[in-house]
Trainee: 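Input: one structure, supplied below.
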Amino acid sequence: MDKYYLTTPIYYVNAQPHIGHVYTTVAADVLARWERFLGKEVFFLTGTDEHGSKVAAAAEQAGLSPRELVDQTVQRYLDLWNLLEIKFDRFIRTTETDHQKIIQSIFSALQRNGDIYPGVYEGHYCVPCERYLAPAEGVDCADCGRPTEKLSEETYFFRLSRYQERLKKHFLENPEFIQPERIRDEVTNMLSDPLPDLSLTRRCRWGVPLPDGVTGSGLTIYVWFDALLNYLTGVNYNPLSPAEANQSELFKRFWPPDVQLIGKDIIRFHHIIWPAILMALNLPLPKKVFGHGWWLSGNEKMSKSKGNVVEPFDFCGRYGSEALRYFLLAEVPFGMDGNFTEDAFRKRYNSDLANDLGNLVHRFNHLVRTNFGGKVPVPRDGGILARKTTELLPILTKKMENLDFFGFLETVREVVSTGNHYLDEEAPWRKGPNSGPVLYNLTETSRILSIYLEPVLPRTAVLIRRQLGLMDLPTGKEALTWGLTKPGTIVTEAPPLFPRIK
RNA sequence: GGCGGUGUAGCUCAGCUGGCAGAGCAAGCGGCUCAUAUCCGCUAGGUCUGGGGUUCAAGUCCCCACGCCGCCA
């Protein structure tokens, strides 16, 4: 059986989960469900990034210990994923002791290779903005214009510069690695200047301690190094026995990742630093790392101070998690920025889910019950609907491979539309008992639509099959055969799948 | 300050290597009546952010400007 290893970034717990976290995680869940549907063995990893000074600061502000804060916030994430039907295979936390031990071992291993070496970090730091300045920025903070402090501290560097040429070569030979294409150009461009080595320690108490025997008082491991390696610890990588034979079963089965989803803000970490670390560890690189776009709110960046943050719990409460999953993937192509407004949400909900999909299922359900006593009639010729639905698999598979959820849903919508059109053309309400085959075809269409939509709308898919009395039929690829529904199957009355929003 | 992305109809987006501006939604009109006032059809709607340039021909290629997004331990 083919395997499929999929990751989201682990989310930083200094603040509450927001729509951006939901976006990545829903997309990953849809991919995971789709690949399971295709018959692959899937490992879907997500989790939380819990170290670093911002978490420590957030805890202090809340009057909690870092430990208390991270535990609380993690629970919020778990609650949200539960609400949104996210079926991950592992939820990793960087505060787990196993993870921390592995990080330390990897640090030591890289030190033995000469990939990590001691040095002094020098640079400018803006205290009010809490940001380090790039050397090209000069001495004054580009954000606030104020003068900055000069810093000079002992650290350990990762020899990133050593991998510059190999990274270039890899990008050239593996165009699939960086997605979408636009971002590939950007990352390649980052390699046109010499890569500076990367400081791997920070002066912060709330972090993974340096390994035993490595000196550096008050220093902990840089939170990004700690975080990136979750993709290895998540499948129980064993740095002490790098030989393939001594690796964990999980690692042997799933490494490397097939797809890693990230937001476009962290491409530098995932397209340069992360593969360089893997090169240093002599491990195969992920096949595809996709940087998706951002959700804006009213065409502006979401921020607490502007008061335009979309709150996922509240949104699920009011419109349901299915609608939110659908909207995020249907509204905007995955690689682009989107604009999240309640108005746009309502429009898409009403037109796609209530009027087209929901109403299609509802109107023919009603016809079967009123004209055929609720029993699915006998088929004759599948016609256009049979052709339309059965030729869908290769098209939809291609879209999912490209992480084109937008195009995937567009294609499914065309079938819904064909169904509504067909129903109007055939007008079974005029034909009475002669309309049997027409209604049979709509049963099959709804059933197959429920299969295709299941990754995006898992609850709705089941609701459709339940009202059609089809809970016993298969739901894998074998479900795509036209004609599986047995005539005589009992259709039961059901409320609209998506009540219209007034 | 540096690097990159993006800007096409009221809204969300297609327009591959330059060759008569497209779709869905919203709007207007007509039809149907099984259905969640839903569905089906038709119509209208654009100085392709602005300014220069290359070309027989530019939304598409080049230069400049502006808006927005991201990154720069």
Side-chain angles (χ1 to χ4, degrees), chain A residues 121-125 131-143 145 151 153 155 157-158 160 180-190 192-193 196-202 222-225 263-269 271-273 291 293-296 299-301 327 330-333 335-341 343-344 346-348 350-371 406-407 409-410 413-414 416-417 419-432 435 438-439 442 495-502:
Chain A
Y121 176 81
E122 288 187 329
H124 287 264
Y125 181 77
R131 62 182 285 270
Y132 295 91
L133 276 66
E137 286 181 84
V139 226
D140 292 332
C141 177
D143 283 357
L151 281 189
E153 69 184 38
T155 184
F157 285 101
F158 173 64
L160 191 57
E181 248 173 75
R182 278 200 296 292
I183 291 189
R184 189 154 69 229
D185 297 341
E186 181 175 352
V187 177
T188 307
N189 190 275
M190 288 177 190
S192 57
D193 291 327
D197 287 346
L198 177 69
S199 164
L200 281 192
T201 62
R202 291 293 183 275
Y222 177 35
V223 65
W224 261 109
F225 186 76
K264 65 173 183 173
D265 51 328
I266 51 178
I267 60 181
R268 186 185 175 79
F269 295 97
H271 288 126
I272 294 182
I273 298 172
W294 274 48
W295 282 102
L296 312 176
N299 271 326
E300 286 187 325
K301 194 179 169 180
F327 177 80
E331 182 72 359
V332 167
M336 294 178 61
D337 288 353
N339 189 22
F340 198 114
T341 64
D343 190 47
R346 288 159 161 260
K347 272 184 183 154
R348 196 159 275 284
N350 275 338
S351 86
D352 293 3
L353 297 177
N355 298 350
D356 290 352
L357 175 65
N359 189 46
L360 175 65
V361 172
H362 196 252
R363 64 197 292 215
F364 101 88
N365 172 312
H366 191 258
L367 285 165
V368 173
R369 284 185 298 106
T370 50
N371 292 332
F406 183 84
L409 291 171
E410 194 174 38
R413 250 181 281 138
E414 279 167 24
V416 173
S417 174
N420 272 316
H421 180 84
Y422 176 82
L423 197 47
D424 267 49
E425 289 267 289
E426 301 292 334
W429 48 91
R430 288 206 201 102
K431 295 181 178 171
S435 62
V438 169
L439 295 181
L442 283 159
L497 294 168
F498 296 97
R500 242 185 103 80
I501 301 169
K502 297 281 182 259

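Basis for what follows: all heavy atoms, side chains included, without hydrogens, waters or symmetry-related copies. Since the structure is predicted, the reported quantities are computational estimates derived from the model, not experimental observations. Numbers restart at 1 for each chain; the letters A, B, ... are given by sequence-line order, proteins then strands.
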Trainee: Please name the pair of heavy atoms, one in A/N420 and one in A/D356, separated by the smallest distance, quoted to 0.1 Å.
Mentor: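 So the minimum-distance heavy-atom pair works out to ND2-O, 3.4 Å.
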Trainee: Does a side-chain N or O of A/N355 approach OP1 or OP2 of B/C39 to a distance below 4.0 Å, or not?
Mentor: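 Answer yes for this pair, as a side-chain N or O of A/N355 is under 4.0 Å from OP1 or OP2.
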Trainee: Give me the distance, rounded to whole Å, that separates B/C16 from B/G22 when you measure between the C1' atoms they each carry.
Mentor: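 After rounding to an integer number of Å, I get 15 Å for this pair.
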Trainee: Determine the Euclidean distance between corresponding P atoms of B/G4 and B/C42; express it in Å to zero decimal places.
Mentor: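 Roughly 46 Å separates the two P atoms.
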Trainee: Do A/K301 and A/W294 have side chains that approach each other closer than 4.5 Å (heavy atoms only, starting at C-beta)?
Mentor: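 Yes, close enough: below the 4.5 Å cut-off.
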Trainee: Tell me the interatomic distance from A/D193, atom CG, to B/G4, atom C1', rounded to whole angstroms.
Mentor: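 Taking CG of A/D193 and C1' of B/G4, I get 13 Å after rounding.
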Trainee: Considering only atom P, compute the distance from B/C69 to B/U12 and round it to an integer number of Å.
Mentor: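 Between the two P atoms, the distance is 15 Å.
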Trainee: Base, sugar-phosphate, or nothing for A/P333, non-hydrogen atoms under 4.0 angstrom?
Mentor: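 It contacts sugar-phosphate atoms only.
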Trainee: What's the NE2-C1' distance between A/H271 and B/G70, to the nearest Å?
Mentor: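 Going from NE2 in A/H271 over to C1' in B/G70 covers 14 Å.
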Trainee: If we take the C1' atom in both B/G1 and B/A44, what is their distance in whole Å?
Mentor: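 Straight-line distance between the two C1' atoms is 49 Å.
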Trainee: Can you list, pair by pair, the side-chain donor-acceptor contacts under 3.5 Å of residues 421-430 of chain A, counting residues two or more places apart and other chains?
Mentor:
from: A/Y422; atom 1: OH; to: A/N441; atom 2: ND2; distance (Å): 3.0
from: A/D424; atom 1: OD1; to: A/R363; atom 2: NH2; distance (Å): 3.0
from: A/E426; atom 1: OE1; to: A/K431; atom 2: NZ; distance (Å): 2.9

Trainee: Check whether the side chains of A/R346 and A/N350 place a donor and an acceptor atom closer than 3.5 Å, and report yes or no.
Mentor: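 The criterion, which ignores hydrogens and geometry beyond distance, is not satisfied for A/N350 and A/R346.
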Trainee: Looking only at the side chain of A/S417 (C-beta and beyond, no hydrogens), which of the listed nucleotides B/C68, B/C71, B/C40 gets closest?
Mentor: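 Between B/C68, B/C71, B/C40, the one nearest the side chain of A/S417 would be B/C40.
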Trainee: Using whole Å, report how far CD of A/E153 lies from P of B/A73.
Mentor: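 My rounded result for the distance is 14 Å.
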Trainee: Could you give the distance separating B/C34 and B/C29 at their C1' atoms, to the nearest angstrom?
Mentor: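 Result for the C1' pair: 24 Å, nearest Å.
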Trainee: Whether A/H124 contacts B/A73 is assessed here as follows: a side-chain N or O lying under 4.0 Å from the phosphate OP1 or OP2. Is that the case?
Mentor: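 No, outside the criterion.
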Trainee: Between B/A35, B/C40, B/A73, which nucleotide gets closest to the side-chain atoms of A/N420?
Mentor: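 When the side chain of A/N420 is considered, B/C40 is the closest of B/A35, B/C40, B/A73.
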Trainee: Give the minimum heavy-atom separation between A/F406 and A/V332, together with the two atoms involved.
Mentor: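 Answer, listing the atom of A/F406 first, then A/V332: CD1-C, 3.5 Å.
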Trainee: Where each residue is assigned the nucleotide of RNA chain B containing its nearest heavy atom, which of A/D265 and A/W429 is assigned the position nearer the 5′ end?
Mentor: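 Counting from the 5' end, the first nearest nucleotide belongs to A/W429.
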Trainee: Between B/G70, B/C39, B/C32, which one does the side chain of A/R363 approach most closely?
Mentor: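 When the side chain of A/R363 is considered, B/C39 is the closest of B/G70, B/C39, B/C32.
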Trainee: Between B/A73 and A/Y121, is there a base-stacking contact, meaning the centre of the base's six-membered ring lies under 5.5 Å from the residue's ring centre while the planes stay under 30° apart?
Mentor: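 A/Y121 ring centre within cut-off of B/A73 base, planes near parallel; stacks.
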Trainee: Under 4.0 Å, counting only non-hydrogen atoms across every strand here, what does A/G123 touch: a base, just sugar-phosphate, or nothing?
Mentor: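 If one applies the 4.0 Å heavy-atom cut-off, A/G123 turns out to touch nothing in the nucleic acid.
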Trainee: Does the distance from a Lys or Arg side-chain N to an Asp or Glu carboxylate O, for A/R413 and A/D352, drop under 4.0 Å?
Mentor: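 Answer for the salt bridge query: yes.
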Trainee: Specify the separation, in whole Å, of atom NE2 of A/H366 and atom P of B/C39.
Mentor: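 Atom NE2 in A/H366 sits about 17 Å away from atom P in B/C39.
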Trainee: Hey, does A/L367 reach any base, or is it just sugar-phosphate, or nothing, if we go heavy atoms under 4.0 Å?
Mentor: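 Base, at least one base heavy atom under 4.0 Å.
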Trainee: Looking at the side chain of A/E331, which of B/U12, B/U36, B/C13 is the nearest nucleotide?
Mentor: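 The listed nucleotide nearest to A/E331's side chain is B/U12.
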Trainee: A/D424 has an atom CG; how far is it from atom C1' of B/A35, in whole Å?
Mentor: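 Spelled out: CG on A/D424 to C1' on B/A35 is 10 Å.
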Trainee: Select one nucleotide: of B/C13, B/C34, B/A73, the one nearest the side-chain heavy atoms of A/M336.
Mentor: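 Selected nucleotide (nearest to the side chain): B/C13.
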Trainee: Under 4.0 angstrom, heavy atoms only, what part of the nucleic acid is A/L360 near: base, sugar-phosphate, or nothing?
Mentor: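 Answer is nothing: A/L360 stays at 4.0 Å or more from every strand.
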Trainee: Do the side-chain N or O atoms of A/N359 get closer than 4.0 angstrom to the phosphate oxygens (OP1, OP2) of B/A35?
Mentor: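 No, A/N359 has no side-chain N/O under 4.0 Å of OP1/OP2 on B/A35.
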Trainee: Has A/R500 got a side-chain N or O lying under 4.0 Å from the OP1 or OP2 atom of B/U38?
Mentor: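 Answer is yes, contact under 4.0 Å.
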Trainee: Can you label the angle between the A/F340 ring and the A/W295 ring as parallel, tilted or perpendicular, going by 30° and 60°?
Mentor: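 It falls in the perpendicular class, over 60°.
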Trainee: Between A/L357 (CG) and B/A35 (C1'), how many Å, whole number?
Mentor: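 In whole Å, B/A35 C1' lies 14 Å from A/L357 CG.
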Trainee: With a non-hydrogen cut-off below 4.0 angstrom, is A/A354 in contact with a base, only sugar-phosphate, or nothing?
Mentor: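 Base contact.
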Trainee: So what does A/Y222 hit on the nucleic acid, given a heavy-atom distance under 4.0 Å: a base, only sugar-phosphate, or nothing?
Mentor: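 The residue A/Y222 makes sugar-phosphate contact but no base contact.
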Trainee: From the list B/C13, B/G4, B/A73, which nucleotide is the closest neighbour of the side chain of A/N189?
Mentor: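 The answer is B/G4.
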Trainee: What stem regions, each of at least 3 consecutive Watson-Crick or G-U pairs below 3.5 Å, can be found for RNA chain B?
Mentor: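 B:1-7 with B:66-72, B:10-13 with B:22-25, B:27-31 with B:39-43, B:49-53 with B:61-65 - these are the stems of 3 or more pairs that involve RNA chain B.
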Trainee: Check the distance between B/A14's P and A/R413's CZ and give it to me in whole angstrom.
Mentor: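 One finds 13 Å between P of B/A14 and CZ of A/R413, rounded.
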Trainee: Name the nucleic acid region contacted by A/D356, choosing base, sugar-phosphate or nothing; use a 4.0 angstrom heavy-atom cut-off, strictly under.
Mentor: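 Sugar-phosphate contact only - A/D356 comes under 4.0 Å of backbone atoms but never of a base.
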Trainee: What distance, rounded to whole Å, do you find between the two C1' atoms, one in B/A65 and one in B/G41?
Mentor: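 The answer is 46 Å between these two C1' atoms.
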Trainee: Could you check how far CG of A/D337 sits from C1' of B/C69, rounded to whole Å?
Mentor: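 In whole Å, B/C69 C1' and A/D337 CG are 5 Å from each other.
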Trainee: Select from A/K502 and A/L200 the residue whose nearest nucleotide in RNA chain B is closer to the 5' end of that strand.
Mentor: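 Going by which nucleotide is closer to the 5' end, it is A/K502.
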Trainee: Is it possible for you to check whether A/R348 lies under 6.0 Å from the centre of the six-membered ring of A/F327, through NZ or CZ, and within 45° of that ring's axis?
Mentor: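 Judged by the rule (NZ or CZ under 6.0 Å from the ring centre, within 45° of its axis), A/R348 is not positioned above A/F327.
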Trainee: Would you indicate, yes or no, if B/C34 has its OP1 or OP2 atom less than 4.0 angstrom from a side-chain nitrogen or oxygen of A/K431?
Mentor: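 No, because none of the side-chain N or O atoms of A/K431 sits under 4.0 Å from OP1 or OP2 of B/C34.
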Trainee: Between B/C72, B/U36, B/U12, which one does the side chain of A/H362 approach most closely?
Mentor: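 Looking only at side-chain atoms, A/H362 lies closest to B/U36.
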Trainee: Hey, does A/F364 reach any base, or is it just sugar-phosphate, or nothing, if we go heavy atoms under 4.0 Å?
Mentor: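 A/F364: no heavy atom of the nucleic acid under 4.0 Å.
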Trainee: So if I take every side-chain heavy atom of A/E186 and compare against B/C25, B/C68, B/G5, which nucleotide ends up nearest?
Mentor: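 Closest nucleotide to the A/E186 side chain: B/G5.
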